[in-house]
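In each ligand, atom 1 is the first atom listed, and ligand 1 is the first ligand listed. Just so you know, these numbers use all the heavy atoms, side chains as well, and skip hydrogens, waters and symmetry mates.
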Amino acid sequence: MSDAAVKIEIDDAVALVTITREKALNALSRQVVGELIEAVSELDVHPDVRCCILTGAGDKAFVAGADIAEMQAMTPREARSFSETGAALGSALEMSARPWIAAVNGFALGGGCELAMACDFIYASTKAKFGQPEVNLGVIPGFGGTQRLQRRVGIGKARELIYTGDIIDAAEALRIGLADRVVEPGELLAAARATAVKIASKGPVAIAEAKRIILEGADLPLEAANALEQRAFGELFSTADQKEGMAAFLAKRPAVFKGE
Ligand code: CAA
């Protein structure tokens, strides 16, 4: 295996995860996908980490898609297995107890857009470009794009983007609800970090439960989804974080959460 393609830096309870294949516009090879899955599972149990940021090296691309050079000669069986591995990465991000913020600094195309959509929020630089251009290659999105895009932006816009392969800019991504915030390129990591640090100061068990319930409830009828919330709300009253949070409020001091 070649050198690591994913770098992890931890500072102030925030992990910055950078894909470092700048020359290939951070394209998702099998190696990158494998390293990202490992990074998510490692950070999920890291005692010092409470929120994560995912970005791409350089100022041109977040991720320009799955690695076309590697995919070109895949058999149908290999392509299906690659798609399943991409799905495992998306699920790992969504099931992680930590919130993930995608900091999209440039192209987020194909698997790159799909990777960003598996994160909790997408912060984009004004130079970011989004799209699902797989039809140009005679294929369809393979890392969850046909499903996550419609859940984010609605079925009509998802169809349009997937059928045309059009690439949209950050302002349009913000308008349709694909990006959650757009900032100047030089401010992107600072903006993502400011949100991450804020999240990291809150009750970690509560954040993990909120994340889980929002995801699990999204496809359920409202009553069943609300029942998930009621159960989780009750269970949080067995945590030290709940006792600390409410005691700190009443004592007029900042809460110090242990994530227990
Ligand atoms: N896979 C492999 N290599 C890629 C790549 C990709 N997805 N995207 C870019 N690269 C490589 C290029 O081949 C090039 O390598 P060389 O320097 O060795 O020639 C290098 O990155 C720089 O790219 P360009 O010279 O093309 O840069 P550009 O500025 O002219 O164009 C771009 C930028 C518009 C993003 C263009 O690179 C492009 O269209 N890339 C492919 C985008 C794409 O189709 N993504 C979807 C992939 S399929 C997929 O992701 C399936 C899935 O859902 C799982």
Donor-acceptor contacts, no H, no angles, side chain residues 45-58, under 3.5 Å, sequence neighbours left out:
unit_1	atom_1	unit_2	atom_2	d
H46	ND1	D48	N	3.0
R50	NH1	A200	O	3.3
R50	NH2	F257	O	2.8
T55	OG1	A103	O	2.8
T55	OG1	N105	OD1	3.4

Atom pairs and distances, donor-acceptor, side-chain atoms in residues 65-73, under 3.5 Å, two or more places apart:
unit_1	atom_1	unit_2	atom_2	d
D67	OD1	A69	N	2.9
D67	OD1	E70	N	3.1
D67	OD2	R21	NH1	2.8
D67	OD2	R21	NH2	3.2
E70	OE1	R30	N	2.8

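In this structure, M74 places its CE atom where more than 12 heavy-atom neighbours from other residues, nucleotides or ligands lie under 6.0 Å away. Heavy atoms of other residues, nucleotides or ligands lying less than 6.0 angstrom from CZ of R253 number more than 12. Within a 6.0 Å sphere centred on CG of D59, other residues, nucleotides and ligands contribute 12 heavy atoms or fewer.
Evaluation of the side chain to side chain contact (heavy atoms under 4.5 Å, CB included) rule for L174 yields V182 as partners, not counting sequence neighbours.
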When you pair each N or O of ligand 1 with protein N or O atoms, which pairs come out under 3.5 Å?
unit_1	atom_1	unit_2	atom_2	d
ligand 1	1 (N)	A66	O	3.4
ligand 1	1 (N)	I68	N	2.9
ligand 1	7 (N)	A64	O	3.1
ligand 1	7 (N)	A66	O	3.0
ligand 1	21 (O)	K23	O	3.4
ligand 1	27 (O)	K60	NZ	3.4
ligand 1	29 (O)	K60	NZ	2.6
ligand 1	45 (N)	A64	O	3.0
ligand 1	50 (O)	A66	N	2.8
ligand 1	50 (O)	G111	N	2.8
ligand 1	53 (O)	E114	OE1	2.6
ligand 1	53 (O)	E134	OE2	2.7
ligand 1	53 (O)	G142	N	2.9

